[in-house]
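Both ligands and their constituent atoms are indexed starting at 1 by order of listing.
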Amino acid sequence: MLKNTKQAIIIGGSHAAAQLSISLRQERWEGEILVVSDDSQFPYHRPPLSKDYLSGDTSAEQLFIRPASVYRDKQIEFLLNTRVEKIDRINKSVTLSNGEARQYDKLALCTGARTRQLAIPGVALNGVHYLRDLTDAEAIKQAIQSNGKAVIIGGGYIGLETAALLRKIGIDVCVLEAMGRVLQRVTAEEVSAFYHRVHTEEGVEIKTGVFATEIVGNDCVEGVVCSNGEQIDANLVIIGVGVIPNTELAEGIGLDVDDGVIVNEFAQTSDEHIVASGDCAAHLNLIYGRRIRLESVPNAIEQSKTAAASMCDREKVYNALPWFWSNQYDLRLQIAGLNQGFDRVVFRGDVESSRSFVAWYLKQGSIVAADCVNRPAEFILAKKLISSEKQLPIADLANDSIDAKTLLLALA
Ligand SMILES: Cc1cc2nc3c(=O)[nH]c(=O)nc-3n(C[C@H](O)[C@H](O)[C@H](O)COP(=O)(O)OP(=O)(O)OC[C@H]3O[C@@H](n4cnc5c(N)ncnc54)[C@H](O)[C@@H]3O)c2cc1C
């Protein structure tokens, strides 16, 4: 039996919504909790969709963040296949796609992000896919042919992870990246060159400074025309050119929005009854002293814990260090911190010919981020280093003959 009739409504049904609903109970929210999700499934892990799931190494059942029974036991109600169409701030209610209206005392926006669509001829042909949810991944799985040829448009993490996966199952892959190098927005030149090298070693063709101008075919995709006039044969095209935050509901009710729903360090929006977390939220980051919108699972989880506390009128500041990971072939990349604005990169290990190294990003002499490839101990070190006031000599961090554990001890 619930102790009161207060109603919390969470819009969205992925990493942020799943965590927020559970965290609300942990924060002793004693009223009702309703999660309204336009997905047909209970919340599932999205990262494997561009990793093990496509190759069949992970089943759909293994993707679920929690069994449905956990939500049931905690009296968390899910409305699947349902969208929130409108929010009424004055009456504190939401209108659902099934025509129902539901009152709320506290509302959470966990609406995430959607894939950026490419506006070129041929995107509607059979065999052209985006990758954001389980339905997309399932469609790609069905479209994969053993002797297939794939073109991936976009050399970001999702594009490269998918390329690695398709190579693993023997498909010819060509990656088109419009910028001068893969991962240009997110890494140093040397790290881009590293990924370019490894993918080439694994048999992927990468074309940089080239963008797709048209996808051609007759009902089914047959090829991709590039900006240099070249046509690449393909029977599968995957477009991975970034995402756009789902902020329309927030904009519709006049909340502050700027590349994400603007929230403070307590995940509160400009309406005291509404919080936002995950990919849709642009938060004030206390570590980096500016507003940022992150697209990562750790952010969705940690920020949702803060949002849940705020909904229960408790203050839990969100100040977790951003981190991210990417798996490609035998490479496990773990990224600590944000490298934006770095002015120097120092390497530990051989980025040019090995498959294991650390790129330390410095800004005005301090470490602000690190890309750790197959370096789990250094990843722990990096997180500690960036979060603490302490510093270690840069020469020691670059010196691979000094054990990472020794450096960790020096930091303690
Ligand atoms: C293929 C892939 C690989 C990834 N790999 C990694 C990785 O390795 N590491 C990492 O940290 N992150 C990774 N990410 C990113 C990570 O999955 C996202 O950061 C995370 O899913 C964000 O969770 P979210 O709940 O904020 O938003 P989303 O996952 O975008 O979920 C929001 C949900 O809300 C729904 N929704 C929106 N509006 C409404 C409405 N009005 N009514 C009802 N429902 C609505 C959306 O349809 C969606 O289902 C990956 C993402 C993808 C797609």
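Remark: side-chain polar atoms of Gln184 are paired, donor with acceptor, to backbone N or O of Arg181 under 3.5 angstrom. In this structure a side-chain-to-backbone donor-acceptor pair under 3.5 Å is missing from Asn285 to Gly289. Proximity of a side-chain donor or acceptor of Arg197 to a complementary backbone N or O of Glu352 within less than 3.5 Å is detected.
A cation-pi arrangement is present between Lys141 and Tyr53, with the terminal nitrogen or guanidinium carbon under 6.0 Å from the aromatic centre and inside a 45° cone about the axis.
An N or O contact shorter than 3.5 Å is missing between Leu131 and ligand 1 by distance. Note: an N/O pair closer than 3.5 Å links Trp325 and ligand 1 by distance alone. Any N or O atom pair closer than 3.5 Å counts here, and Ser296 shares at least one such pair with ligand 1. The shortest N or O to N or O distance between Ser14 and ligand 1 is below 3.5 Å.
Taking atom 47 (O) of ligand 1 as the reference point, the nearest protein heavy-atom neighbour is Asp38 OD1, 2.7 Å. For atom 27 (O) of ligand 1, the nearest non-hydrogen atom of the protein is Gly112 CA, 3.2 Å. Scanning the protein for heavy atoms near atom 23 (O) of ligand 1, the closest one is His15 CB, 3.7 Å. For atom 15 (C) of ligand 1, the closest non-hydrogen atom of the protein is Glu295 O, 4.1 Å. Among protein heavy atoms, atom 39 (C) of ligand 1 sits closest to Arg83 NH1, 3.7 Å. The protein heavy-atom contact nearest to atom 26 (O) of ligand 1 is Asp279 N, 2.9 Å. At the top of the distance list for atom 49 (O) of ligand 1, counting protein heavy atoms only, stands Arg46 NH2, 3.1 Å. Among protein heavy atoms, atom 51 (C) of ligand 1 sits closest to Ile158 CD1, 4.0 Å.
Only backbone heavy atoms of Ala113 (N, CA, C or O) come within less than 4.0 Å of ligand 1; its side chain stays farther off. At a 4.0 Å heavy-atom cut-off, ligand 1 touches Ile11 through the side chain alone. With a heavy-atom cut-off of 4.0 Å, Ala18 does not touch ligand 1 at all. Contacts with ligand 1 closer than 4.0 Å are made by side-chain heavy atoms of Leu249 only, the backbone lying farther away. When non-hydrogen atoms are compared, ligand 1 lies under 4.0 Å from neither the backbone nor the side chain of Tyr157.
No heavy atom of Ser326 sits closer than 4.0 Å to any atom of ligand 1. Put simply, no part of Asn327 is less than 4.0 Å from ligand 1, judged by heavy atoms.
Of the candidates Asp350, Asp330, Asn374, Asp330 is the only one forming a side chain to side chain donor-acceptor pair (under 3.5 Å) with Arg355.
For the residue pair Gly278 and Gln303, the shortest heavy atom distance occurs at N-OE1, 3.0 Å.
In the candidate list Pro43, Ser50, Gly278, Pro47, Pro47 is nearest to atom 13 (C) of ligand 1, counting heavy atoms. Ranked by closest heavy atom to atom 5 (N) of ligand 1, the top entry among Glu161, Gln303, Arg114, Lys51 is Lys51.
Using cut-offs of 30° and 60° for the angle between ring planes, the Phe42 and Phe78 rings count as tilted. The aromatic rings of Tyr44 and Phe64 lie perpendicular to each other, with more than 60° between the two planes, well past the 30° mark.
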Exercise. Hey, mind stepping through Phe379 and Trp325 against ring-ring contact (aromatic ring centres under 6.0 Å, His included) and telling me if it holds?
Worked result: CA-CA 11 Å; Phe379 174 63; Trp325 76 94; 9.8 Å; no
For this session: Evaluate the criterion ring-ring contact (aromatic ring centres under 6.0 Å, His included) for residue pair Tyr104 and His273; output intermediate values, then yes/no.
Result: CA-CA 9 Å; Tyr104 66 81; His273 304 293; 7.6 Å; no
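Of the N and O atoms on the side chains of Arg25 and Gln75, not one donor lies less than 3.5 Å from an acceptor on the other residue. Looking only at atom types and distance, the side chain of Thr187 has a donor-acceptor partner in the side chain of Ser192 under 3.5 Å away.
Using a 4.0 Å cut-off to heavy atoms of Thr82, the atoms of ligand 1 that qualify are 43 (C). If you number the atoms of ligand 1 from 1 as listed, the ones under 4.0 Å from a heavy atom of Gly13 come out as 33 (C), 34 (O). Here is the list of ligand 1 atoms found below 4.0 Å of a heavy atom in Val36: 43 (C), 44 (N).
Rounded to the nearest 0.5 angstrom, Leu49 CG and Ile140 CD1 are separated by 9.0 Å.
Between Val84 and Leu96, some side-chain heavy-atom pair lies under the 4.5 Å cut-off.
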